[in-house]
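One structure is given below, encoded as structure tokens.
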Amino acid sequence: MPELPEVETIRCQLARKLPGEKIERVFANCPSLVFRGYPRKGMLAEEITGKKIVSVERRGKYLLLGLDRGLTLALHLGMSGTMLFRDKNAPRDRHCHLELFLKNFKLSFRDPRMFGRVALFKGQEFSLLPGLARLGPEPLSREFNPKWLAAKFQGRKAPVKSLLMDQRIAAGIGNIYSDEACFLARISPLRKAGRLKPEEISRLDAAIKKVLRESIAAIGCTFRDYRTSEGTLGGYQPRVYGREGRRCKRCPGTVVRKVIANRSSFFCPKCQR
DNA sequence: AGAAGAACCTGGTAGC
DNA sequence: TGCTACCAGGTTCTTC
């Protein structure tokens, strides 16, 4: 369940090592992970072999490896994906679907649950890919502010939590950080988004930015499958996520779990209104 | 158009 | 011990 802070952590680690590296050899297995039609013609492996990596960017939960000749290799880690630096001779297990062999090491994309995706684009083509194309603003950018949220929430009857997880509204927020942000803002994730007062929207905006910045500083949140590219764990400790039945960290209430938008959600009914 | 829910996938675990 | 059932969740698709 890598969300924005986890993907950003991985991006930073990749950005330190990859630019300038040439892809000497590629192992690619698992066509179901490749977005249909990308690459349009030919095989992923042959298209990227011999190319040089020039940049490592992130957009929402997508990693974008810029290659020479205007190619972009987009990677989505899904729920259980990891990008690991490994020794070139390290064995490959059955969950490893893509390996880029570089000069002195290899980069392994492992994804046991196969929710991850890989796609190769030329130029601005990636703006065609649904999901990537319709991503909303980065929550840590200026574009993302109370005014934007208010516009997106206006008239909407869906729970705040659903809209926070909508990638068209906030790129990169998932199940964990939507709960964390609601907790910090003292807003129930069940509230109809369109009913939030301006002051509450401002609180939510500030809370989103705060939890994301905190988690990035802590190199992400460790939950089950997540590992950084160096193989280490994240240090972000959730305030409310996963704490069902335990004492609220802010008041005498007890954290409850409730399914919202088909996802486990955690909140304190006493101090989140 | 918006809201709700299912499907995709497999490792881990609870329960028997 | 070994089996079954279920859960986790990001995205896309379907239904209402």
Side-chain angles (χ1 to χ4, degrees), chain A residues 1-8 10-11 29-38 58-64 74-84 93-98 109-119 126-136 138-139 149 151-182 189-196 212 215 220-227 234 236 238 240-245 256-267:
Chain A
M1 54 198 76
E3 300 179 29
L4 190 153
E6 290 75 30
V7 181
E8 177 61 17
I10 292 167
R11 186 201 66 79
N29 183 25
C30 205
S32 62
L33 291 189
V34 178
F35 276 112
R36 202 143 51 103
Y38 297 94
R58 178 191 60 74
R59 190 69 180 88
K61 298 171 193 167
Y62 292 82
L63 279 170
L64 303 172
L75 296 148
H76 193 294
L77 302 176
M79 290 175 46
S80 58
T82 52
M83 297 289 288
L84 283 170
D93 70 46
R94 70 194 193 93
H95 299 304
C96 178
H97 310 300
L98 179 69
F109 178 33
R110 263 189 106 242
D111 182 16
R113 290 185 214 176
M114 311 243 290
F115 273 34
R117 287 292 177 268
V118 177
F126 65 88
S127 57
L128 300 172
L129 191 76
L132 195 47
R134 294 196 294 260
L135 280 181
E138 290 290 324
L149 275 181
K152 289 294 157 184
F153 284 5
Q154 191 185 19
R156 300 290 299 266
K157 291 177 177 165
V160 175
K161 159 110 177 174
S162 301
L163 297 200
L164 287 183
M165 291 197 303
D166 185 335
Q167 301 302 295
R168 295 168 297 184
I169 296 179
I173 295 181
N175 202 32
I176 296 176
Y177 296 100
S178 56
D179 279 3
E180 294 291 287
C182 285
L190 289 166
R191 287 274 298 280
K192 286 184 169 61
R195 294 285 189 78
L196 293 192
L212 294 179
S215 186
C221 173
T222 294
F223 254 90
R224 298 185 184 86
D225 308 300
Y226 170 70
R227 293 290 181 282
Y236 178 84
V240 71
Y241 185 85
R243 301 189 70 248
E244 181 184 16
V256 300
R257 185 183 84 98
K258 196 173 168 66
V259 174
I260 305 173
N262 275 331
R263 295 289 169 257
S264 276
S265 306
F266 301 87
F267 62 100

Worksheet item: Looking only at side-chain N and O atoms, does His76(A) come under 4.0 Å of OP1 or OP2 in dG10(C)?
Response: no
Fill in: Verdict with supporting geometry, Leu4(A) and Tyr177(A), side-chain contact (heavy atoms from CB on, under 4.5 Å)
CA-CA 9 Å; Leu4(A) 190 153; Tyr177(A) 296 100; over 6 Å; no
Worksheet item: When we call it a touch if two heavy atoms are under 4.0 Å apart, what does Arg110(A) touch: a base, just sugar-phosphate, or nothing?
Response: nothing
Worksheet entry | Main-chain N/O of Arg134(A) paired to Gln167(A) side chain as donor or acceptor, under 3.5 Å | no
Worksheet item: Would you say Glu6(A)'s side chain and Cys221(A)'s backbone share a donor-acceptor pair under 3.5 angstrom?
Response: yes
Worksheet item: Under 4.0 angstrom, heavy atoms only, what part of the nucleic acid is Asn262(A) near: base, sugar-phosphate, or nothing?
Response: base
Response to the item:
In short, salt bridge (charged side-chain N to carboxylate O under 4.0 Å, His left out) pairs touching residues 157-176 of chain A with sequence neighbours left out are Lys161(A)-Asp179(A), Asp166(A)-Arg168(A)
Discussion item. Once you apply a heavy-atom cut-off of 4.0 Å, does Ser264(A) come out as touching a base, just sugar-phosphate, or nothing?
Written reply: sugar-phosphate
Discussion item. Looking at Arg113(A), is its backbone amide N or carbonyl O close enough to the side chain of Ser80(A) to form a donor-acceptor pair, meaning the two atoms are under 3.5 Å apart?
Written reply: yes
Worksheet item: Toward the 5' end of DNA chain B, which comes first, His95(A) or Ala158(A), by nearest nucleotide?
Response: Ala158(A)
Worksheet entry | Secondary structure string for DNA chain B (Watson-Crick or G-U under 3.5 angstrom, | for other-strand pairs) | .|||||||||||||||
Worksheet item: How would you give the extent of chain A contacts on DNA chain B, as first and last nucleotide 5' to 3' within a 4.0 Å heavy-atom cut-off?
Response: dG2(B) to dG11(B)
Discussion item. Ignoring hydrogens and geometry beyond distance, is the side chain of Arg113(A) in donor-acceptor contact with the base of dA8(C) at under 3.5 Å?
Written reply: yes
Discussion item. If I take atom CZ in residue Arg263(A) and atom C1' in nucleotide dT11(C), what distance separates them, rounded to the nearest angstrom?
Written reply: 9 Å
Worksheet entry | Any N/O donor-acceptor pair, Arg168(A) side-chain to dT12(C) base, under 3.5 Å | no
Item to complete: Just say parallel, tilted or perpendicular for the rings of Tyr62(A) and His76(A), cut-offs at 30° and 60°.
Response: perpendicular
Fill in: Atom-pair distance (OH on Tyr177(A); C1' on dG10(C)), nearest Å
15 Å
Practice prompt. Please examine the side chains of Leu98(A) and Leu75(A), heavy atoms only from C-beta on, and report whether any two atoms are closer than 4.5 Å.
Written response: yes
Worksheet item: How long is the line joining CE of Met114(A) and P of dT12(C), in whole Å?
Response: 17 Å
Practice prompt. Could you tell me whether a side-chain N or O of Gln154(A) sits under 3.5 Å from a main-chain N or O of Gly194(A), the two making a donor and an acceptor?
Written response: no
Discussion item. Regarding Arg117(A), tell me which of base, sugar-phosphate or nothing describes its non-hydrogen contacts under 4.0 Å with the strands shown.
Written reply: nothing
Discussion item. Using a 4.0 Å heavy-atom cut-off, does Arg134(A) contact any base of the nucleic acid, only the sugar-phosphate backbone, or nothing at all?
Written reply: nothing
Discussion item. Between Glu138(A) (side chain only) and Arg59(A) (backbone N and O only), is there a donor and an acceptor less than 3.5 Å apart?
Written reply: no
Practice prompt. Determine: side-chain N/O of Gln167(A) to OP1/OP2 of dG10(C), distance under 4.0 Å, yes or no.
Written response: no
Worksheet entry | Whole-Å distance separating the CD1 atom of Ile169(A) from the P atom of dT11(C) | 14 Å
